[in-house]
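A short write-up of the structure that comes next.
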Amino acid sequence: MTGTVEKRAVLAAFDDEEQLVDEHAGVALIEHPFQGYLNLRLDPANDVLGGAVANVLGVALPAVPNRTAQGDGVVVYWLGPDEWLLRTPSEDDMTVFGALSGALGDHWHALTDISGGMTHIAVGGEAAAAVLAQGVTIDLHPKVFPAGHCAQTVMARSNVLIAPTGDAGNAFDVFVRRSFADHVLTFLRDAAHDVGYRFSRKAL
Amino acid sequence: MLKIKCPWCGERDQSEFSYGGEAHIVRPAEPDELGDEQWGDYLFFRTNTKGLHREQWVHSGGCRRWFNAVRDTVSYRFHGVYRHGEEGPGKDEPGSPS
Amino acid sequence: MKYSLAKLVAQTLGGHRGWTRAWRDPEPKPHYDVVIIGGGGHGLATAFYLARVHGVRNVAVLEKGYIGGGNAGRNTTIVRSNYLLEGNEPFYEFSLKLWEGLERELNFNVMMSQRGVINLFHSDAQRDAFVRRGNAMLMHGADAVLLDREQLRAMVPGIDFDNARFPVRGALMQPRGGTARHDAVVWGYARGADARGVDIIQNCEVTGIRVEDGAVTGVDTGRGFIGAGKVGMAVAGHSSRVAAMAGLRLPVESHLLQAFVTEGLKPLVDRVVTFGAGHFYISQSDKGGLVLGGDLDGYNSYAQRGNLPMVEHVMECGMAMMPMLGRLRILRHWGGVMDMSMDGSPIIDKTPVRNLFLNTGWCYGGFKATPASGWCFAHTIARGEPHALNAAYRLDRFLSGRVIDERGGGPRPNVH
């Protein structure tokens with residue numbers, strides 16, 4: 001049996017819903033679908049592994065907690081002292097996965113493709129921090145949470161990873177597991193009710 | 001609201017953490033060798049300290065790592081946090097592991 | 001003084017100037033046959049039944065503060081016997097039967113109100129579990145009724161029956177369950193015990209338990225040493241500390257439970273209702289305030305005050321069950337220290353120390369147990385052996401594996 005199944009973005013169900021936009025719309029909520037996500041765990045004390053990974057990614061794994069690193073076509077987020085999230089542009093491109101698997105070889109490690117399990121909502125606009133702050137208890141001010149930082153936290157009862165994408169305090173990436181994504185987006189729309197929002201999706 | 005200092009992530013709100021009970025209760029290496037009394041003591045009996053209490057927390061809403069803390073069970077003040085395997089603050093203080 | 005309608009009328013005509021103290025304020029004697037540590041509901045009930053049932057009248061109840069100032073004054077006053085397990089249900093049903101005759105026995109109005117306790121269920125599986133529980137209750141001589149949605153809607157119209165996540169399918173109800181006035185229970189037992197010769201000694205904190213040759217000989221207190229033939233501990237959240245004075249370690253953790261009262265309303269909820277999808281329960285006091293509560297704060301605590309995440313959680317559960325609650329103001333809010341046992345069930349037993357007896361582990365279910373707890377503890381102290389009703393509440397069950405785990409939560413006291 002042959003046939004094609006069209007890929008459906010995690011938050012596609014929201015496409016047809018009414019947008020709350022006024023002339024001062026405070027936030028844009030943009031889903032970036034179909035990216036690749038890899039979870040990597042290894043022993044940070046093993047310099048051989050660290051070097052091998054840096055060769056593949058073009059950047060060292062961040063050792064300082066809650067920091068990100070920009071590599072060649074991959075963004076690395078610190079998740080734990082022996083755990084990182086790697087984000088690549090496309091879930092269909094297994095280049096990084098293959099190269100890492102090869103480099104890590106038989107050393108103790110765990111490399112897991114979790115692409116289907118995540119989605120990414122970019123929250124931007126002058127009210128972005130104010131909207132997010134309704135759901136999280138961490139301080140989002142760029143003085144303490146500038147670009148290059150990230151934080152796993154709880155937003156509206158859901159586990160999320162948040163990373164600012166600039167130093168102006170008005171743009172953040174939010175990563176959330178797909179089964180919590182509609183709840184989180186519903187929460188964000190609710191939180192943005194007073195400032196106005198537009199939900200859209202980044203074209204492939 | 002408690003503010004808890006994760007040894008990796010720094011100070012976060014209590015709502016990001018889950019509680020894991022009294023710390024430094026070591027699972028017996030040879031359970032088969034134990035009598036009912038020792039196994040029951042390991043499983044069910046606690047010091048239930050009033051005052052400085054060594055206890056486990058997990059940063060479940062953050063980096064998902066377990067760690068130990070010394071907290072006053074009356075004032076709720078944290079006297080320090082430390083990673084598993086570390087000695088922790090105030091070795092001579094009440095509540096320190098024997 | 002026996003209270004009666006005639007007495008009330010006479011006192012009213014006399015300007016209420018003739019009422020006398022309900023109990024004495026005696027100085028401690030150097031020695032008692034039995035000393036009860038803890039002047040809460042359980043301790044006072046124990047003293048009462050020691051005197052009334054067993055004729056042991058040379059008894060002192062030592063209270064570090066004022067009687068009923070601990071958990072007896074910090075609970076949400078619910079009375080029920082809707083348990084499943086063999087070790088629990090006969091005990092709690094006996095307790096409910098004592099409640100039903102308590103006002104006559106104590107000659108005191110404890111405001112017992114058998115308004116019915118309703119446990120909502122939200123799924124087929126939960127209904128099956130409640131049917132099983134209801135049958136267990138019926139087999140032990142208690143009462144239980146399964147309500148369908150329409151019967152329930154007629155009784156408690158304010159519930160959100162069609163909640164998207166937790167639709168209400170029906171409920172298990174115990175019609176004989178209800179509420180009682182917590183202070184009145186304490187005062188009633190105190191008055192009854194005092195009238196039978198028991199000394200109730202307040203502001204008398206126990207600071208040590210003296211043990212010689214493996215047997216207890218008395219207690220050190222803020223008011224000096226008091227000798228005792230037997231000592232019973234009934235100190236709720238502080239059990240571990242008091243037991244440690246006699247060198248005992250307990251299968252207990254102290255945790256904090258919060259409770260709330262809203263502004264007064266006209267009659268709105270005339271039953272006790274519990275939410276089956278989250279830990280939340282609600283009833284309405286005679287003054288009109290809604291009395292509500294939920295889960296433990298979750299970490300060891302002796303603080304008698306709660307924290308905000310659980311406040312939020314309880315309110316969320318409440319609004320999921322009855323959205324109208326969102327319009328109300330919370331007027332009062334407090335915390336009590338619960339002695340959470342490792343299987344969620346209490347301990348009424350002897351201890352390894354001769355003539356020292358233990359009553360603890362009530363988790364957050366101690367209030368409804370007050371009469372039976374006192375009755376069984378008195379029996380255990382007087383006879384030196386447990387009664388059949390509390391035979392399962394042994395301290396050594398944690399060593400023998402005979403735990404009574406209603407919730408099936410395992411040895412994690414913060415989930416019972």
Side-chain angles (χ1 to χ4, degrees), chain B residues 1-6 12-25 27-28 31 34-62 66-79 81 94-95 98, chain C residues 235 237-245 248-256 295-313 316 335 337-345 347 352 360-361 394-403 405 410-415:
Chain B
M1 178 76 85
L2 304 182
K3 296 277 192 183
I4 302 174
K5 191 177 166 195
C6 168
R12 299 285 185 91
D13 268 25
Q14 145 188 14
S15 49
E16 290 186 12
F17 296 85
S18 303
Y19 183 65
E22 186 176 327
H24 303 294
I25 298 174
R27 184 183 167 87
L34 296 185
D36 290 347
E37 193 121 334
Q38 293 139 311
W39 182 250
D41 188 72
Y42 158 71
L43 204 55
F44 294 113
F45 287 70
R46 300 290 179 263
T47 60
N48 197 17
T49 313
K50 182 173 186 175
L52 294 185
H53 186 237
R54 288 180 184 256
E55 58 194 24
Q56 307 178 96
W57 289 85
V58 58
H59 193 188
S60 45
W66 286 90
F67 58 92
N68 294 327
V70 183
R71 182 181 59 96
D72 190 312
T73 54
V74 180
S75 71
Y76 288 172
R77 188 177 156 228
F78 278 84
H79 288 252
V81 295
S98 50
Chain C
V235 293
H238 281 69
S239 297
S240 295
R241 294 191 66 224
V242 175
M245 294 174 188
L248 301 177
R249 239 160 91 84
L250 297 183
V252 165
E253 278 185 10
S254 295
H255 282 261
L256 189 105
D295 243 327
L296 296 174
D297 272 26
Y299 38 84
N300 286 46
S301 171
Y302 284 89
Q304 290 196 326
R305 66 172 186 281
N307 251 327
L308 287 172
M310 192 46 65
V311 175
E312 182 182 29
H313 178 76
E316 283 175 349
V337 180
M338 311 288 115
D339 45 350
M340 303 300 296
S341 70
M342 284 287 176
D343 62 357
S345 296
I347 298 161
T360 187
R394 302 165 62 97
L395 176 59
D396 69 1
R397 70 177 186 267
F398 296 94
L399 305 179
S400 64
R402 294 187 182 87
V403 293
D405 193 342
R412 289 184 298 152
N414 55 350
V415 305

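Values reported hereafter were calculated over all heavy atoms of this structure, with side chains retained and with hydrogens, waters and symmetry mates removed. Below, chains carry the letters A, B, ... as their sequence lines are ordered, and counting in each starts from 1.
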Item to complete: Please state whether the side chain, the backbone, both or neither of B:E37 comes within less than 4.5 Å of a heavy atom of chain C.
Response: both

Worksheet entry | Nearest heavy-atom neighbours spanning C:V235 and C:V242 | CG2-CG2, 3.7 Å

Practice prompt. Under the salt bridge (charged side-chain N to carboxylate O under 4.0 Å, His left out) rule, what do B:E55 and B:R71 come out as? Steps first, then yes or no, please.
Written response: CA-CA 8 Å; B:E55 58 194 24; B:R71 182 181 59 96; 2.5 Å; yes

Worksheet item: Which bit of B:S18 is near chain C, if near means a heavy-atom gap under 4.5 Å: side chain, backbone, both or neither?
Response: neither

Discussion item. Which one wins on heavy-atom pair count under 4.5 Å against chain B: C:G401, C:P413, C:G298?
Written reply: C:G298

Item to complete: For each of B:K50, B:M1, B:R46, tally heavy-atom pairs with chain C at distances under 4.5 Å, and name the one with the top tally.
Response: B:K50

Response to the item:
Scored by heavy-atom pairs under 4.5 Å with chain C, the best of B:D13, B:D36, B:T47 is B:D36

Item to complete: Please identify each residue that fulfils side chain to side chain donor-acceptor pair (under 3.5 Å) with B:E16, with sequence neighbours left out.
Response: A:T153, B:R12, B:H59

Discussion item. Salt bridge (charged side-chain N to carboxylate O under 4.0 Å, His left out), that's the test. Do C:D343 and C:R397 meet it? Break it down for me.
Written reply: CA-CA 10 Å; C:D343 62 357; C:R397 70 177 186 267; 2.7 Å; yes

Fill in: Any side-chain donor near an acceptor of the partner, B:Y19 and C:N300, under 3.5 Å
yes

Worksheet, complete the sentence: Turns out that what part of C:R305 lies under 4.5 Å from chain B's heavy atoms comes down to both

Worksheet item: Mind checking what makes side-chain contact (heavy atoms from CB on, under 4.5 Å) contact with B:L34, not counting sequence neighbours?
Response: B:P28, B:Q38, B:W39

Worksheet item: With a 6.0 Å cut-off on ring centres, are C:H238 and C:Y302 close enough?
Response: yes

Practice prompt. Give, as side chain, backbone, both or neither, the part of C:R241 having an atom under 4.5 angstrom from any heavy atom of chain B.
Written response: side chain

Discussion item. Below 4.5 Å, heavy-atom pairs only: which of B:V74, B:T73, B:D72, B:N48 has the largest tally toward chain C?
Written reply: B:N48

Item to complete: Check whether C:V311 gets within reach of chain B through its side chain, its backbone, both or neither, counting any heavy atom under 4.5 Å.
Response: neither

